[in-house]
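Source: prediction; values computed, not measured.
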Amino acid sequence: MKYEFTRIEKKWQRKWEEEKTFAAVPDEGKKKFYGLIEFPYPSGDGLHVGHPRPYTAMDIISRKRRMEGYNVLFPIGFDAFGLPTENYAIKNKVHPADVTKKNIARFTDQLKMLGYSFDWDRVVDTTDPAYYKWTQWIFLKLFEKGLAYKASMPVNWCTSCKCVLANEEVVSGVCERCGSDVVRREKSQWMLKITEYAERLLDDLDDLDFIERVKTQQRNWIGRSIGAEIIFDTTLGDKLRVFSTRPDTLFGATYMVVSPEHELVEKWLPQLSNADEVEEYRSAAAKKSDFERTELSKEKTGVELRGVRAINPATKQEIPVFISDYVLASYGTGAIMAVPGHDTRDWEFAKKFGLPIVEVVSGGDVEKEAYTDCDTGILVNSGFLNGMSVEEAIKAMSQWLTENGLGRETVNYKLRDWVFSRQRYWGEPIPIVICPTCGYVPLPEDQLPLELPYVEYYETTDTGESPLAAMTDWVETTCPTCGGPAKRETDIMPQWAGSSWYFLRYADPHNDTELASRKALEYWMPVDWYNGGMEHTTLHLLYSRFWHKFLYDIGVVQTKEPYLKRTSHGMILGEDGQKMSKSRGNVINPNDVVAEFGADTLRLYIMFIGDFEKTAPWSANAVKGCKRFLDRIWNLAEKRVSGSEEYSAANEVVIHRSIKKVSEDIENMKFNTAIAQLMTLVNAYYETAPSRGDIKVLLTLLSPFAPHIAEELWEIQGFGGMACKTPWPEYDEAKMVEQQREIAVQVGGKLRTTVFIPNDAADDVMLQAALADEKIKKIVEGKEIVRTITVKNKLINLIVR
RNA sequence: GCCGGUGUGUCGGAAUUGGUAGACGACCGCGACUCAAAAUCGCGUGCUGUAAUGGCGUGUGGGUUCGAUUCCCACCACCGGCACCA
């Protein structure tokens, strides 16, 4: 009989669905495992071959865990709010809700086609009011605790999406999603105070089992700098505060720089003799995009504020104050003390404007370049700091500043608050009412969910207003506090809102009184293993850690961190080694692969393609190799093999080795070598007559990778039950060794031949065996063996003279 | 510029407490089966050489070692992240 993969796959998928084979049922008596993959955005293009890579990986791990006796939660859902759906809906004049419904149905079919062991009773959909009710509820809690606030500030505005973006969504000056230019716009926005959690988000990374590059990227993004805030007096009476990581260099501060947006500039302006020039520089800076302003190659520019001078608290000298756009308004205090001798940027600026450069740390030549080494320099020209190392001087200066009320040690983060509103339609409405007398009033909990109005017209505007603003009936409301006429907030939440807590909902997806019951959360949380893309490291992954910590603080969840372990997969490229894209015409559709070779072949190939963490190009030929492998297994087991369920003597060694290798490789996500080992095992079976037991262990090991064919052959063999419910096999180290060992024989470190010796042979046995070899005899003839190096069961090396 | 990663046959990739480089798969070649082809099964396959105790070979150049893809030093190339963050 032929291997009819289509029939077999349909048959088992139906069976798993009918029997609810993979439903997660809480069971206090069983150890739990919560495996998570990033739920997909149900785009109109359907499933991409990139999707099955992480899904298959976690499916293999989840299936193995079940066979090991764990109670497994492996859920799936849809992150369905977002721009592409909205844009598609506008273009094709259909409602986003209808588009979403259709896309979800299609994704569901495709995911089922691949035989994943998801619990289909726990599907979540972020656009379902029963779900986003709780997204809104979390927002209200954030508002209640002062962590959601509205503020007017310059924000990133995507010229194409026509809405604001978070800092995390701006990549190299363009929109992360559409690649269009991002400009600065002053807008009143809802913000979430993620900065309040900066320290914990950073420190708590230490204990997590996240791959190192994820930790590094989050650490860099949060960007902690330890330094001091220093207060300078000015001749106009105002105090000018700066942040510096090098307070030790205070004696070398020969001028100050404030950002063009600094509030004191506005105040000082009338008293400046060159107010026009300053004003001109400020407006020029305001027009520039962030990208232009931060271009590195650019020469430093700036204008001195004539009419005000600052007083260096260490030297008591009056020093000039400049404005320059190399100082950012949004970091630290928006002002710096410039130490040209020991900071590269200040040095460039000082050279250009002819400002004095004073050496306060010896070790370099400050006339040639800034000396920034902190490890070897010694303080000079610095009063009480003279002779100290940089490290000592930082401490001494911080103490001196504190004692004299001139400043204090402080910490700064690069992380900014999260811009949380979007001027679009297809997202969660923000449950806030704007009342002329009461201000921003939260919607009472019993009015949740605040449903998105179902309307015909929701096109974007260029005015910076949300399409919801035009929906008068919905906007006009009454104030929950005073009962007077009021308006609803018309901005919606960003794409990232729904995904910031979805993993909690999986624990108890149908609960309508809580986001999830305490009992369910206590049982299933935290997520034991979360695999997802590197592109989410400073977006979804960071945001969801923030929300989780907040929910921990208000007692909703019991763990400080949502995910114990985080791994990441590489991208699948087209056959040409380029990123898959419609325009390049190198896109592989999983449906086509499944139709031609079957889901088991696709699963196997996508795991065999290469190192899981690295990008890998698609190869149509290699897919055929995986199909061939399954055909070979089919040939071995399509007819019932009778006899004992013991391993055959001929295959015992390779079986035990395979169990060990496959078990360990799955844990380390080395799926490619696990499959290579299964191929080796099958090759061995082709050279012997595999016993019934040999077949059984092969199907058991195969079942997480290629579950359909494994079940079918399992049934044909009549092993009873299902392969996916069989206990994972154990191996015996003692049975992994051959009685005869082939060892390398080297002379002078060069491999000359190999000989067979008994297992664990003593050194002299190895030597005798080596010397008995004809080749070796010839080589050592007439020479003296001065030294012998042996490595048990591996090699012998003869040093001759 | 800074941080991180990678570099191995024709290709995807194996192998690192230093110990037979190239597992497994693809490609290609040969053989069996077949009237024939496909499929399948088996064999071969780093480069080079007529041969040899051949020679060379894991980005490049050095070093340590009986022995280096693995450790050390210097460099090159590519990829990713950050990028005037004081």
If the condition is side-chain contact (heavy atoms from CB on, under 4.5 Å), which residues does [X] pass it with, not counting sequence neighbours?
X: Gln746(A); answer: Leu795(A), Asn797(A)
X: Glu613(A); answer: Ile211(A), Arg213(A), Asp611(A)
X: Ala637(A); answer: Ile695(A), Leu713(A), Gln717(A)
X: Asn651(A); answer: Ser648(A), Val654(A), Ile655(A), Ala684(A), Tyr685(A), Thr688(A), Pro690(A), Asp694(A)

For atom [atom1], what is the distance between [N] and [M], given to the nearest Å?
N: C76(B); M: U64(B); atom1: C1'; result: 23 Å
N: U16(B); M: G7(B); atom1: C1'; result: 16 Å
N: A32(B); M: G25(B); atom1: C1'; result: 23 Å
N: A74(B); M: C3(B); atom1: P; result: 13 Å
N: G9(B); M: A23(B); atom1: C1'; result: 13 Å
N: C78(B); M: U8(B); atom1: C1'; result: 15 Å
N: C41(B); M: A26(B); atom1: P; result: 10 Å
N: A68(B); M: C56(B); atom1: P; result: 12 Å

Between Thr301(A) and Tyr281(A), do the side chains contain an N or O donor and an N or O acceptor separated by less than 3.5 Å? yes
Using a distance-only test with no angle check, is there a side-chain donor-acceptor pair under 3.5 angstrom linking Ser330(A) and Arg416(A)?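 Yes, Arg416(A) and Ser330(A) have a side-chain donor paired with an acceptor closer than 3.5 Å.
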Within the distance-only criterion (no hydrogens, no angle test), does the side chain of His262(A) pair as donor or acceptor with the backbone N or O of Ala335(A) below 3.5 angstrom? no
So, Arg241(A) side chain and Thr333(A) main chain: donor-acceptor pair closer than 3.5 Å or not? no
In terms of ring plane angle, is the pair Phe612(A) and His569(A) parallel, tilted or perpendicular, where the classes change at 30° and 60°? tilted
Which nucleotide sits closest to the side chain of Thr245(A): C82(B), C24(B), A86(B)? A86(B)
Could you say whether Trp221(A) or Lys794(A) is positioned toward the 5' end of RNA chain B, judged by the nucleotide with the nearest heavy atom to each?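 Taking each residue's closest nucleotide, the earlier one in sequence belongs to Lys794(A).
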Both Thr216(A) and Thr333(A) contact RNA chain B. Which one's nearest nucleotide lies toward the 5' end?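 The residue closer to the strand's 5' end, by nearest nucleotide, is Thr216(A).
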How close or far is atom [atom2] of [N] from atom [atom1] of [X], stated in whole angstroms?
X: Ile743(A); N: U20(B); atom1: CD1; atom2: C1'; value: 10 Å
X: Tyr326(A); N: A86(B); atom1: OH; atom2: C1'; value: 8 Å
X: Leu630(A); N: G25(B); atom1: CG; atom2: P; value: 13 Å
X: Ile230(A); N: A86(B); atom1: CD1; atom2: C1'; value: 11 Å
X: Ile394(A); N: A86(B); atom1: CD1; atom2: P; value: 12 Å
X: Asn412(A); N: C84(B); atom1: CG; atom2: C1'; value: 16 Å
X: Asp346(A); N: A86(B); atom1: CG; atom2: P; value: 12 Å
X: Lys624(A); N: U40(B); atom1: NZ; atom2: P; value: 10 Å

Suppose we call two aromatic rings close when their centres sit under 6.0 Å apart. Are [X] and [Y] close by that rule?
X: Phe671(A); Y: Phe608(A); answer: no
X: Phe597(A); Y: Tyr605(A); answer: no
X: Phe353(A); Y: Tyr255(A); answer: no

Cationic N near anionic O, under 4.0 Å, Arg246(A) to Asp248(A): yes
Under 4.0 Å between a side-chain nitrogen and a carboxylate oxygen: does that hold for Glu212(A) and Arg219(A)?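 Arg219(A) and Glu212(A): salt-bridged.
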Under 4.0 angstrom, heavy atoms only, what part of the nucleic acid is Thr754(A) near: base, sugar-phosphate, or nothing?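 Base contact.
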Which part of the nucleic acid, if any, lies within contact of Glu742(A), taking any heavy atom under 4.0 Å across all strands shown: a base, the sugar-phosphate backbone alone, or nothing?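 Base contact.
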Atom pairs under 3.5 Å, N or O on each side, protein against nucleotides 41-44 of chain B: can you list them with distances?
| residue | atom | partner | partner atom | Å |
| --- | --- | --- | --- | --- |
| C41(B) | OP1 | Arg632(A) | NH1 | 2.9 |

Give each protein N/O atom lying under 3.5 Å from an N/O atom of nucleotides 7-14 of chain B, with the pair distance.
| residue | atom | partner | partner atom | Å |
| --- | --- | --- | --- | --- |
| G12(B) | O2' | Ile609(A) | O | 2.7 |
| G13(B) | O3' | Asn672(A) | ND2 | 3.4 |
| A14(B) | OP1 | Asn672(A) | ND2 | 3.1 |

Which residue pairs satisfy the salt bridge (charged side-chain N to carboxylate O under 4.0 Å, His left out) criterion with at least one member in [range], sequence neighbours excluded?
range: residues 662-685 of chain A; answer: Lys64(A)-Glu667(A), Arg65(A)-Glu667(A), Lys660(A)-Glu664(A), Lys661(A)-Asp665(A)
range: residues 619-628 of chain A; answer: Lys627(A)-Asp631(A)
range: residues 334-343 of chain A; answer: Asp343(A)-Arg345(A)

Kindly give the atom pairs (protein nitrogen or oxygen, nucleotide nitrogen or oxygen) under 3.5 Å for nucleotides 47-58 of chain B.
| residue | atom | partner | partner atom | Å |
| --- | --- | --- | --- | --- |
| U53(B) | O2' | Arg752(A) | NH1 | 3.0 |

Determine, for nucleotides 61-66 of chain B in 5'-to-3' order, which nucleotides have protein heavy atoms under 4.0 Å from the base (write B), from only the sugar-phosphate (write S), or from neither (write -). -----B
Going by side chain to side chain contact (heavy atoms under 4.5 Å, CB included), Thr753(A) matches just one of Val747(A), Asp773(A), Ile743(A). Which one? Asp773(A)
What would the secondary structure line of RNA chain B be in dot-bracket form, counting Watson-Crick and G-U wobble pairs under 3.5 Å, with [ ] for pairs that cross earlier ones and | for pairs with another strand? (((((((..(((......[....))).(((((.......))))).(((.....)))..(((((..]....))))))))))))....
By the rule that syn is within 90° of 0, classify the base conformation of G9(B) as syn or anti.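 Syn conformation for G9(B).
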